[in-house]
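Sequential numbering from 1 along the given sequence is applied to the chain's residues.
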Amino acid sequence: MSARPFEIVCEIEPPVLPDLTHARHQIGVLTAVSSTFLIPDNHIGRATVSSIAVAHEVQAMGGRSIACINSRDRNLLGFRRDLLTAAAYGVGEFLFVYGDKPSSGGRTSDLTVRSMIEEARSWTAADPAFAGVPAWRIGVAAALRPLPRWKHAADFIFSQVSYSADAQLRWRDANPADVPVYAGVMVLASAAMARRLAATIPDIEIPGWLADKVASDKMAGVEAACQQIVRLRDSGAFDGVHLIPVNRYREVSARLETLTS
């Protein structure tokens with residue numbers, strides 16, 4: 001059982017155009033249920049505004065930010081550039097991930113999540129340029145499989161999105177960790193989204209009843225995600241959830257307010 005307060009970390013849709021209006025709107029709406037926001041990095045293999053720049057915007061709006069950085073798009077020099085930029089902007093929390101398959105081109109393959117953690121900690125500890133910069137908090141993502149030992153060295157863990165609270169609770173029971181662990185919850189917005197997820201992410205199992213319901217009721221996915229969050233909270237097994245509301249962020253915010261107030 002976690003002794004820490006249950007936290008909802010909301011993922012926002014990152015800007016794919018040089019305009020932060022939509023990002024600001026998501027943050028403003030979701031602030032009713034969360035003060036912490038995860039900003040993806042080149043979401044689903046498509047170029048987006050820098051997650052570090054958007055994380056800085058979150059902080060300017062009074063929120064807490066976690067900037068996602070993927071290993072797919074970076075060599076060592078590019079990664080060091082990002083660390084310097086983050087330090088300049090005062091961004092101090094990160095989620096390091098492997099990265100979705102790119103829509104075009106390939107991977108740089110220079111870095112892995114593990115090597116990024118090692119580099120971030122060793123380089124900033126050794127370089128006088130980072131003197132006075134507060135210690136960063138670095139998180140990792142974890143599939144619902146046995147947790148590799150090296151991931152226990154992270155400051156927090158985001159577990160894989162699942163549509164089954166039972167599966168998440170079984171995984172949590174089998175994988176104790178001393179750091180905060182957040183369960184992945186994603187709103188299923190449509191039947192088309194269900195088919196797309198099933199085709200591209202084989203580890204995610206979508207219940208047939210849920211796929212059927214969202215085909216006729218656009219709020220079914222919102223309700224299912226909110227009820228899943230409540231169950232995970234009440235279990236005491238997780239420190240919070242990593243919530244991906246997709247384009248249903250208005251509806252999710254309104255429903256969660258009624259369930260968690």
- Answer whether the closest heavy-atom distance between the side chains of Asp178 and His152 falls below 4.5 Å. no
- For Ser164 and Asp166, does a side-chain donor sit closer than 3.5 Å to a side-chain acceptor? no
- Distance only, no hydrogens: is a donor on one side chain within 3.5 Å (strictly under) of an acceptor on the other, for Arg250 and Ser253? no
- Query: Taking the side chain from Trp171 and the backbone from Ala143, do they hold a donor-acceptor pair closer than 3.5 Å?
  - Reply: yes
- Should we say atom CD of Glu205 is surrounded by more than 12 heavy atoms from elsewhere, each under 6.0 Å from it? no
- Item | Any side-chain heavy-atom pair of Tyr249 and Ile12 under 4.5 Å | no
- Only counting residues at least two apart or in another chain, list the ones meeting salt bridge (Lys or Arg N to Asp or Glu O under 4.0 Å) with Arg248. none
- Message: Going by side chain to side chain contact (heavy atoms under 4.5 Å, CB included), name the residues that satisfy it together with Ala67, two or more places apart in sequence or in a different chain.
- Response: Ser51, Ile52, Ala55, Val91, Phe94
- Task: With sequence neighbours excluded, give me every side-chain hydrogen bond (donor to acceptor under 3.5 Å, both in side chains) pair touching residues 5-16.
- Result: Glu7-Thr36, Glu7-Arg64, Glu7-Tyr182, Glu11-His242
- Task: Please identify each residue that fulfils salt bridge (Lys or Arg N to Asp or Glu O under 4.0 Å) with Arg196, with sequence neighbours left out.
- Result: none
- Message: Students often mix this up, so state it plainly: with edges at 30° and 60°, are the rings of Phe156 and Phe158 parallel, tilted or perpendicular?
- Response: tilted
- Item | Full working for side-chain hydrogen bond (donor to acceptor under 3.5 Å, both in side chains) between Ser162 and Gln168 | CA-CA 7 Å; Ser162 173; Gln168 290 171 314; 4.7 Å; no
- Item | Check: Thr124 side chain, Phe130 main-chain N or O, donor-acceptor pair, under 3.5 Å | no
- Item | With sequence neighbours excluded, residues passing ring pair (Phe, Tyr, Trp, His ring centres under 6.0 Å) with Phe79 | Phe96
- Hey, is the main chain of Lys213 close enough, under 3.5 Å, to the side chain of Asp217 for a donor-acceptor pair? no
- Message: Heavy-atom count check: over 12 atoms from other residues, nucleotides or ligands less than 6.0 Å from Tyr89 OH?
- Response: no
- So, does Ser122 use its side chain to make a donor-acceptor pair with the main chain of Glu118 at under 3.5 Å? yes
- Task: State which residues pass salt bridge (Lys or Arg N to Asp or Glu O under 4.0 Å) with Arg172; sequence neighbours excluded, sorted by chain then number.
- Result: none
- Message: Tell me whether Asp239 contacts the main-chain N or O of Phe6 through its side chain, where contact means a donor paired with an acceptor under 3.5 Å.
- Response: no
